[in-house]
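The structure under discussion appears below in the form of structure tokens.
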Amino acid sequence: MLELAKTYNAKEIEDKIYKLWEKSGFFNPNKLPRTYKKPFTIIMPPTNANGSLHAGHGLVLTIEDIMIRYKRMRGYKTLWLPGLDHAGFETQVVYERQLEKEGRSRFTMKPGDLYQEIMEFTMRNKKNIEDQTKKIGSSCDWSREKFTLDADIIKTVYSTFKKLYNDGLVYRGRRIVHWCPKHQTSLSDLETIDKKQTDKLYYLQYGPFTIATARPETKFGDKYVVMHPDDKRYKDYKHGQKIELEWINGKVTATVIKDKAIDMSFGTGVMTITPWHDAVDFDIAERHSLDKEQIIDFQGRLLPIAGEFAGMKIGEARPKIVEKLQAKGLLVKIDENYTHVVKTCYKCGALIEPQIKDQWFVKMKPLAEPAIEAIKKNKIRFIPAHYKKISLHWLQNIIDWNISRQIVWGIPIPAKICDSCGAGIVDIENKISACHKCNGSVRKETDTFDTWFSSGQWPFAALGYPSSKDYKTFYPTQVMETAGEIIFFWVCRMIMLGLYVSKKIPFENVYLHGLVLDAKGQKMSKSRGNVINPLDLTEKYGTDAFRIGMVVGNTPGTSLALNEDRIRGYKNFANKIWNASRFVLMNVKDYKPGTRVVLNQKQKKTLADFKKEVKEIEKLMDSFKFYIAAEKIYHYFWHTFCDNIIEENKTKLSGTAKERRASQYLLLEILSSSLKILHPFMPLITEEIYQQLPLKNKKKTLMIEQWPQ
RNA sequence: GGGCGGCUAGCUCAGCUGGUUAGAGCGUUGCAUUCACAUUGCAAAGGUCAUUGGUUCGAGUCCAAUGCCGCCCACCA
């Protein structure tokens with residue numbers, strides 16, 4: 001039937017078209033015609049399985065689908081592999097909030113039960129996320145969908161862990177970590193947020209010295225007093241010298257330590273250290289092999305060393321301690337306006353309490369070096385380019401990565417811990433029953449991996465490293481497209497782990513999009529109540545309008561203010577496409593595809609101009625400038641094809657038979673080719689119209705049509 | 001303390017390796033309408049391209065400095 005409904009209704013066609021594609025099988029590269037040889041692969045950033053799609057996902061899916069559809073039309077064997085991320089800590093936090101609402105707590109549950117519940121929660125979300133991904137029109141290969149907790153993925157993650165361990169790049173270390181007292185887990189340095197705040201700075205009398213501190217409640221165990229070796233004010237005190245002095249809870253013996261980490265211009269140039277609860281102090285203590293003592297427990301309460309204050313929360317204890325110090329005449333003065341930076345948990349905002357804990361660390365410098373090398377040699381192209389500098393800067397200053405988390409929702413760390421010497425022994429087969437160092441008894445490690453440790457291996461793991469056919473065919477991949485926000489969390493780590501395990505860069509291009517903000521340019525958040533659900537927009541304006549609206553003028557790397565008017569404008573465009581196509585279809589009913597026609601000079605030029613236009617768009621697509629390409633197509637279709645070409649040919653359609661045929665040919669030619677170049681951006685409407693067009697050598701779907709030459 | 005962006009029409013933003021009267025969408029104003037489309041057409045108004053200096057025959061585009069705005073990184077108690 002060469003007819004389109006009088007009015008365009010996105011809802012009526014969208015589900016139908018998606019089903020048509022799924023049925024065609026062409027999402028799966030193996031089912032593409034044989035001529036599609038050269039692989040083009042994008043591994044989709046695995047979606048967090050803890051909620052539903054947000055506007056950012058809408059952008060990810062749109063941009064990646066544009067690349068995939070374009071390359072498929074250019075004859076590439078395209079694979080777009082979808083995935084789901086268990087998103088360890090993120091998901092557990094979401095689930096814990098739910099538990100809280102129900103008046104339950106993870107700390108009173110059996111770990112196994114909690115794990116089961118979160119797994120069920122995740123599986124419910126999985127279905128939801130898949131349906132939503134389809135609504136965006138994503139042409140990904142569902143037959144290859146992976147989940148970060150799939151058995152084969154865990155196997156790969158374990159073998160990487162073992163390899164790192166054997167190479168001496170994983171160690172279990174008693175080191176200071178970022179501890180969230182609310183979530184009862186350690187975090188990596190990327191998972192804390194610096195917060196500026198103004199507190200009181202207390203100057204305390206410590207024997208002959210005056211020391212400054214913002215945290216008097218940590219000072220009970222302080223028995224080292226540190227100063228710069230070049231500080232002339234304290235030249236009479238010698239390194240290692242012992243001093244008897246009266247402190248909060250009685251007499252202590254302090255030892256003088258000289259260390260260059262001290263800033264002579266801060267306060268009095270002298271400080272005491274609390275190695276258990278401060279990273280700088282920890283380093284000083286390590287350098288001089290000093291004792292370290294825990295003052296605050298993991299729940300944030302003072303330990304018996306605090307004497308009468310034991311058991312108190314630090315917030316409660318602080319004023320009382322200050323009171324006592326004052327009573328003892330040890331409080332010199334208080335600076336009320338002391339502005340400093342504190343670390344907070346990126347999820348709950350709780351103050352991070354540094355703690356010393358045995359954790360699994362990955363030595364990063366040896367992993368970073370090959371990555372730095374590859375990036376410097378431009379083996380990986382960053383879009384936009386300035387991310388190259390950003391990545392290099394981070395990699396060059398990288399510190400060891402704490403990959404253990406004290407949560408149940410994740411991949412268990414396959415290891416045994418020695419009860420007597422505390423050694424950690426990697427034990428993937430779960431066979432080791434005694435410590436290889438001291439022969440002590442061992443217990444199973446209960447920590448899980450940082451979720452980024454598994455997602456950092458995603459490109460090769462999801463493709464079935466090391467021996468699958470897919471891995472051999474599709475790896476390394478061509479493009480990694482994700483949010484610029486997670487360049488360190490994810491992209492850099494994928495580069496490092498990819499190079500380390502597979503010996504290859506995991507992707508040739510990194511395309512980083514910016515944040516999607518609300519219409520006013522503010523970050524979307526549930527608490528602000530300004531979250532835009534992409535599916536509301538596709539519902540209201542159609543998926544195609546949403547998609548092209550998301551990309552036009554949206555430069556990679558910069559944030560996008562998602563204004564509804566923007567999407568509405570493209571709904572009008574979809575309507576324009578529909579009506580122009582309807583007009584052409586109405587006028588070609590008597591046209592036989594393949595008929596010979598004679599074009600006049602003007603028509604020949606029109607065709608030639610169009611070809612030039614296509615070439616330019618092609619160039620833009622090849623250089624990842626979708627934001628310009630989309631606008632160009634839009635402009636051509638509306639203001640050249642509709643406003644000029646159709647108008648010019650209207651009279652000829654009612655001219656001589658010869659003239660009519662020529663115009664029919666021309667209009668059909670440009671319309672069908674325009675639909676092809678529009679297809680990556682607006683796949684649903686273009687497919688629907690394509691299905692109605694009278695063409696010679698028509699393909700089963702527009703999706704596998706050749707890009708116009 | 002380091003680093004990275006941005007500053008172009010009322011609003012949101014394009015403008016690649018420097019080259020004729022600086023662009024788009026939305027908005028605004030006027031006119032048109034039984035023609036595929038009012039989810040339309042035609043036309044118009046609107047910009048000292050943050051500032052200053054430099055390179056150049058020529059700069060929104062390159063260089064330097066300055067000023068705002070935003071972001072990231074960093075162990076100053």
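The sequence lines fix the lettering, A, B, ..., with proteins before strands; numbering per chain opens at 1.
Within 4.0 Å of A:Leu201, counting heavy atoms only, lies no atom of the nucleic acid at all. Looking at heavy-atom distances under 4.0 Å, A:Glu564 makes no contact with the nucleic acid at all. Using a 4.0 Å heavy-atom criterion, one finds that A:Phe488 contacts the sugar-phosphate atoms exclusively. Across all strands, A:Asn563 comes closer than 4.0 Å to no nucleic acid atom at all (heavy-atom distances). A:Ala279 comes within 4.0 angstrom of nothing in the nucleic acid, heavy atoms only. Nucleic acid contact class of A:Gly269 (heavy atoms, under 4.0 Å, all strands): base. Nucleic acid contact for A:Asn587: none, since no nucleic acid atom lies under 4.0 Å from a heavy atom of the residue. Using a 4.0 Å heavy-atom criterion, one finds that A:Tyr338 contacts the sugar-phosphate atoms exclusively.
A distance of about 23 Å separates the C1' atoms of B:G23 and B:G5, rounded to the whole Å. For the P atoms, the distance from B:C57 to B:A14 is 33 Å, rounded to whole Å. Between B:G10 and B:G47, the two P atoms lie 7 Å apart (nearest whole Å). Separating the C1' atom of B:G54 from that of B:G18 is a span of 15 Å, rounded to the nearest Å. Between B:G25 and B:C69, the two C1' atoms lie 24 Å apart (nearest whole Å). Distance noted for atom P between B:A22 and B:G60: 10 Å (whole Å).
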request  = Determine which bases of RNA chain B form Watson-Crick or G-U wobble pairs with both distances under 3.5 Å, and write the result as a 5' to 3' dot-bracket string with | for other-strand partners.
outcome  = (((((((..((((.....[...)))).(((((.......))))).....(((((..]....))))))))))))....
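Each of A:Glu353, A:Lys195, A:His178 was checked for a side-chain contact (heavy atoms from CB on, under 4.5 Å) with A:Lys343, and the lone residue meeting it is A:His178. Applying the side-chain contact (heavy atoms from CB on, under 4.5 Å) test between A:Leu675 and each of A:Thr686, A:Ile670, A:Ile685 identifies A:Thr686 as the sole match. The one candidate from A:Tyr634, A:Tyr541, A:Phe546 that meets the ring pair (Phe, Tyr, Trp, His ring centres under 6.0 Å) condition with A:Tyr570 is A:Tyr634.
Contact annotation: side chain of A:Lys650 to base of B:A36, donor-acceptor pair present below 3.5 Å. Between the side chain of A:Lys576 and the base of B:C37 there is at least one donor-acceptor pair of N/O atoms closer than 3.5 Å.
Distances from the side chain of A:Met586 to the nucleotides B:C76, B:U39, B:A36 place B:A36 closest. Distances from the side chain of A:Glu647 to the nucleotides B:U40, B:C37, B:C26 place B:C37 closest. Looking at the side chain of A:His386, the nearest of the listed nucleotides B:A77, B:C4, B:G25 is B:C4. When distances are taken from the side chain of A:Ile628 to each of B:A36, B:U39, B:G15, the shortest belongs to B:G15. Distance from the side chain of A:Lys389 is smallest to B:C4 among B:C4, B:G25, B:U40. Taking the side chain of A:Asp194 as heavy atoms from C-beta on, and the options B:A74, B:A14, B:A77, the nearest nucleotide is B:A74. Counting only heavy atoms from C-beta on, A:Asn575 has its side chain closest to B:C37 among B:C37, B:U40, B:A36. The side chain of A:Val280 sits closest to B:C75 out of B:G15, B:C75, B:A77. Among the nucleotides B:C76, B:G25, B:C26, the one closest to the side chain of A:Phe266 is B:C76.
One atom, CH2 of A:Trp394, and another, P of B:C73, lie 10 Å apart when rounded to the nearest Å. The interatomic distance linking A:Tyr636 (OH) with B:A24 (C1') rounds to 19 Å, in whole Å. A:His228 places its NE2 atom 19 Å from the P atom of B:C75, with the value rounded to the nearest Å. In this structure, CG of A:Asp263 is placed 12 Å from C1' of B:C75, rounded to the nearest angstrom. What separates CD1 of A:Ile211 from P of B:A77 is a distance of 14 Å, to the nearest Å. Spacing between atom CG of A:Asp259 and atom P of B:A77 amounts to 16 Å, rounded to whole angstrom units. Separating the CZ atom of A:Arg582 from the P atom of B:U39 is a distance of 14 Å, rounded to the nearest angstrom. A:Ile390 has its CD1 atom 11 Å from the P atom of B:C72, to the nearest Å.
Scored by the side chain to side chain contact (heavy atoms under 4.5 Å, CB included) test, A:His288 finds A:His239, A:Ile257, A:Asp259, A:Ile284, A:Leu290 as partners (sequence neighbours excluded). Under the rule for a side chain to side chain donor-acceptor pair (under 3.5 Å), A:Glu485 has no partner lying at least two apart in sequence or in another chain. For A:Asp222, the side chain to side chain donor-acceptor pair (under 3.5 Å) partners are A:Lys219, A:Thr272, A:Thr274, not counting sequence neighbours. Not counting sequence neighbours, A:Pro319 has no partner by the side chain to side chain contact (heavy atoms under 4.5 Å, CB included) test.
A salt bridge links A:Glu217 to A:Arg318: at least one charged side-chain nitrogen sits closer than 4.0 Å to a carboxylate oxygen.
Sequence order on RNA chain B of the closest nucleotides to A:Thr558 and A:Gly569 puts A:Thr558 first from the 5' end. Mapped onto RNA chain B by nearest heavy atom, A:Lys571 and A:His635 fall at different nucleotides, with A:His635 at the one closer to the 5' end.
Aromatic rings of A:Tyr237 and A:Phe209 (six-membered ring for Trp) have centroids within the 6.0 Å cut-off, being under it.
Phosphate contact (OP1/OP2 of B:A36, side-chain N/O of A:Tyr8, threshold under 4.0 Å): absent. The shortest distance between the side-chain N/O atoms of A:Tyr570 and the OP1/OP2 oxygens of B:U39 is not below 4.0 Å. Here A:Thr555 reaches the OP1 or OP2 of B:A14: one of its side-chain N or O atoms lies under 4.0 Å away. Between A:Lys6 and B:C37 there is a side-chain polar atom (N or O) within less than 4.0 angstrom of OP1 or OP2.
Pairs passing the salt bridge (charged side-chain N to carboxylate O under 4.0 Å, His left out) check and including a residue from residues 263-278 of chain A, sequence neighbours excluded, do not occur.
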key: Steps toward side chain to side chain donor-acceptor pair (under 3.5 Å) verdict (A:Trp401, A:Asp189)   = CA-CA 8 Å; A:Trp401 177 15; A:Asp189 50 309; over 6 Å; no
